[in-house]
Amino acid sequence: MLGLDEDEFKLEGLYHQDVYPTFGLGDPGVGGGAVSRPRRIDGFGRFARLPQAHLIENSSLVTPANRNILFRQWARMWDLEKPVLLEKSPPNMMWMRFLQGMFPTASRFVVITRHPLAVSLAHRKWECCTGMSLTQLVEHWLVQHELMQEDIKHVPSSKRMLVMYEDFVRDPE
C-alpha cells in the first residue's frame, strides 16, 4: 500500500472520509510498477497543481450535512472524551480554509513544514513516487507551500501556528 507504514496510513483522516475528494492520494495505482499511469495528474507529488484540489471555505462541499458526516467519520478514530481532537493529514495544509469553513468555531491549525529536499527524498522511497524526479517532488512541495502561505492569511492568527520541523527538533521548547 503506497509504501507507507500501515499504522501511519490508518492515522490519516483523509483516508477515513468520503466528504471531500482525495485527488488520487491513497490510490495504489499512482507511481511506478505495472499499474503505472505516466499521464496521471493527481496523487502524491502531483495533486497540488490541480486547481480543483485547492479547497476553500466557499466550496459547495461546505454544508451542515457534510460537516456532520465528516465529523462522524473522523469521530470513529477519536476519543471524544478528550479536549482536543486531532486530524493530521499533511495535505490539510491546502485545505485549511475549507476545514475552517466546515468547523468555523472548532478549527485550529498547526502546520509543521520541513525542508523541501528532506520531504522529497522521503517521498521518493514510497512506491507511488518512485517514478518521479526529485525536481518534480520539490516543485510539488513549492506549489503546496505557496498555496499554504496565501491561505494561512485567511486563518485568524489566534487559530494558527506555523512550525518549522528543523527548528522544533533543534529546540523543542
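For Met164, the CE atom counts as densely surrounded, since its 6.0 Å shell holds more than 12 non-hydrogen atoms of other residues, nucleotides or ligands.
Contact of the Asp171 side chain with the Asp167 side chain is not registered, since no non-hydrogen atoms from C-beta on lie closer than 4.5 Å. Using a 4.5 Å heavy-atom cutoff, the side chains of Leu85 and Phe71 are in contact. The side-chain heavy atoms of Ser107 and Glu87, taken from C-beta on, include no pair separated by under 4.5 Å. Side-chain contact between Gln144 and Met94 is present, with heavy atoms from C-beta onward closer than 4.5 Å.
Cluster membership for Leu50 and Leu142, using ILVMFWY side-chain heavy atoms within less than 4.5 angstrom, is not shared. Neither Leu86 nor Ile112 shares a network with the other; the hydrophobic side chains, linked directly or stepwise wherever heavy atoms of I, L, V, M, F, W or Y lie under 4.5 Å apart, form separate groups for each. Linking ILVMFWY side-chain heavy atoms closer than 4.5 Å, directly or via other members, places Ile56 and Phe103 in two distinct hydrophobic clusters. No single ILVMFWY cluster, assembled from side-chain heavy atoms under 4.5 Å apart, contains both Leu162 and Trp141. The cluster map of Ile, Leu, Val, Met, Phe, Trp and Tyr, joined by side-chain heavy atoms under 4.5 Å apart, puts Leu70 and Met96 in the same cluster.
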Next on the checklist: I'd like to know whether Leu121 forms a side-chain contact (heavy atoms from CB on, under 4.5 Å) with Leu137, so could you lay out the CA-CA distance, the side-chain angles of the two residues, the decisive distance to 0.1 Å, and finally the verdict.
Outcome noted: CA-CA 8 Å; Leu121 287 169; Leu137 291 167; over 6 Å; no
Item to check | Working for side-chain contact (heavy atoms from CB on, under 4.5 Å), residues Met132 and Arg124 | outcome: CA-CA 7 Å; Met132 299 184 72; Arg124 284 193 74 189; over 6 Å; no
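Trp95 and Phe47 have tilted rings, their planes meeting at an angle from 30° to 60° on a 0 to 90° scale.
When every heavy atom of Leu55 is checked against every heavy atom of Gln52, the shortest pair comes out as CD2-O, 3.7 Å. Taking both residues in full, the closest heavy atoms of Pro91 and Leu14 are given as CG-CD2, 4.1 Å, listed atom of the first, atom of the second, then distance.
In this structure, His140 contributes its side chain and Ala48 its backbone to a donor-acceptor pair below 3.5 Å.
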